[in-house]
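As the structure is a prediction and not an experimental result, all values here were calculated from the model. All ligand and atom numbering here is 1-based and tracks the order in the structure.
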Amino acid sequence: MPLGASLPACRTIARRGRAPGAAARNHGAAERISCVTGRPGGRRPAGRKTRKGTERPLKDTSVDLATLDLDRHAFFFDFDGTLAEFTNRPQDASISDRLRDDLLRLSERTGGAVAIISGRGRSEINERLGEVIPVAGLHGVEFPDPAESDDPDRARRVAAVRPLLEPLRTLTEAHPGSVLEDKGEGLALHWRAVPMAEAAMTEAATRALADLGDGWIIQPGKFVAEIRPRGADKGTALRRFLAVPPFAGRRPVAFGDDLNDLPMLRAAREAGGIAVAMGERDMPADVHLPGPAALALWLERRLAA
Ligand SMILES: O=P(O)(O)OC[C@H]1O[C@H](O[C@H]2O[C@H](CO)[C@@H](O)[C@H](O)[C@H]2O)[C@H](O)[C@@H](O)[C@@H]1O
């Protein structure tokens, strides 16, 4: 079956949003915790309700990633921090040719049941992966749907963000090492390389949000303050994929590392699937992996088995 056979061809488009000061600061600290498989930390709830209302404990010891049946599962990957190691500048993030080839092989082996669900714009992922795997972008706001290209709201949202860019660019110039990411229907202020700029960046994002008014939210993330359209999230995107072939009828396995991934991990579990958290013990999940290198190794071995 061709890749994403029943989904429209992967196309392009672009960008997106932020993080509150204290939350982002704590999140950055948590990011440095290295962990292997095991139980999430005690601060999170111990279980999630499934659609049927039953409780399933977080950390499912019966889950063995090494033997997942490729005929019965669908795979959903976040990009930064999951497939790609973090870099100080968002434009520098990439994955190896080997991992890209393995994702393609996974897609072939699952009849196309592999998708990327990213906070980045779809075009950013398509440029890096070669438009061979369906991509939902902008934290779920962008979906590979033909109707999307006629969406008048997109042009309106892109236009609303334009006036914010110049003053925010001036701000980042005043904090060398910080980055303004123009995401089309949103923007992101990054301070990974210059942690002392966090307060200035988050304050600026809060002001920008106030200028935009309703319909926008601040998306918490790692060393980033993002502003993006309100509405869809990564959980919405996972459910949309699961509703259509070749994903429909399969058990979802979702991999993510950040706060924007929580709705996706939750949606996977609610659909009877598996949540895999990268890096952090306090992300609620069935399984934890230390980071992108471990994920790449798992995939390599699973395909070789
Ligand atoms: O959902 P994702 O695919 O993980 O995208 C989330 C955000 O990732 C990017 O920012 C993060 O990665 C950067 C590059 O490694 C890093 O510098 C930054 O600190 C991270 O927050 C991306 O730039 C954002 O647009 C995505 O929303």
Salt-bridge present ([X], [Y]; N to O < 4.0 Å):
X      : Y      : value
Asp182 : Arg162 : yes
Asp101 : Arg98  : no
Glu173 : Arg169 : no

Those atoms of ligand 1 less than 4.0 Å from some heavy atom in [X]:
X      : value
Asn88  : 17 (O)
Val224 : 21 (O)
Gly119 : 1 (O), 2 (P), 3 (O), 5 (O), 26 (C), 27 (O)
His190 : 10 (O), 18 (C), 23 (O)

Self-check item: Charged tip of Arg120 within 45° of Phe79 ring normal and under 6.0 Å
Solution: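 So Arg120 doesn't make the cation-pi contact.
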Ignoring angles and geometry beyond distance, decide whether [X] reaches within less than 3.5 Å of ligand 1 through its nitrogen or oxygen atoms.
X      : result
Asp258 : no
Asp261 : no
Ala93  : no
Pro90  : no
Thr87  : yes
Arg89  : no

Exercise. For the residue pair Thr236 and Asp233, confirm or rule out a side-chain donor-acceptor distance under 3.5 Å.
Key: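 Asp233 and Thr236 do have a side-chain donor-acceptor pair below 3.5 Å.
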Quiz item: Under 3.5 Å, side chain of Arg251 to main-chain N/O of Ile274, donor-acceptor pair present?
Solution: no
Quiz item: Considering the options Asn260, Asp257, Asp258, which one meets the side-chain hydrogen bond (donor to acceptor under 3.5 Å, both in side chains) requirement together with Lys222?
Solution: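 The residue from Asn260, Asp257, Asp258 that satisfies side-chain hydrogen bond (donor to acceptor under 3.5 Å, both in side chains) with Lys222 turns out to be Asp257.
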Under 4.0 Å from ligand 1, counting heavy atoms only, is it the side chain of [X], its backbone, both or neither?
X      : result
Asp92  : neither
Ser118 : both
His139 : side chain

Practice problem: Could you tell me whether the side chain of Val276 reaches within less than 4.5 Å of the side chain of Leu65, counting heavy atoms only? | Solution: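 Result yes, sub-4.5 Å side-chain heavy-atom pair found.
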Quiz item: Heavy atoms only: which of Arg228, Glu181, Gln91 is nearest to atom 23 (O) of ligand 1?
Solution: Glu181
Self-check item: Nearest atoms (heavy-atom pairs only) where Leu295 meets Leu289
Solution: CA-CD1, 4.1 Å
Exercise. Measure across Arg100 and Arg128 and return the closest heavy-atom pair with its distance rounded to 0.1 Å.
Key: CD-O, 3.7 Å
Practice problem: Could you establish whether Lys234 and ligand 1 come within less than 4.0 Å of each other, counting only heavy atoms on the residue side? | Solution: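 Yes; Lys234 lies near enough to ligand 1 that a heavy-atom distance drops under 4.0 Å.
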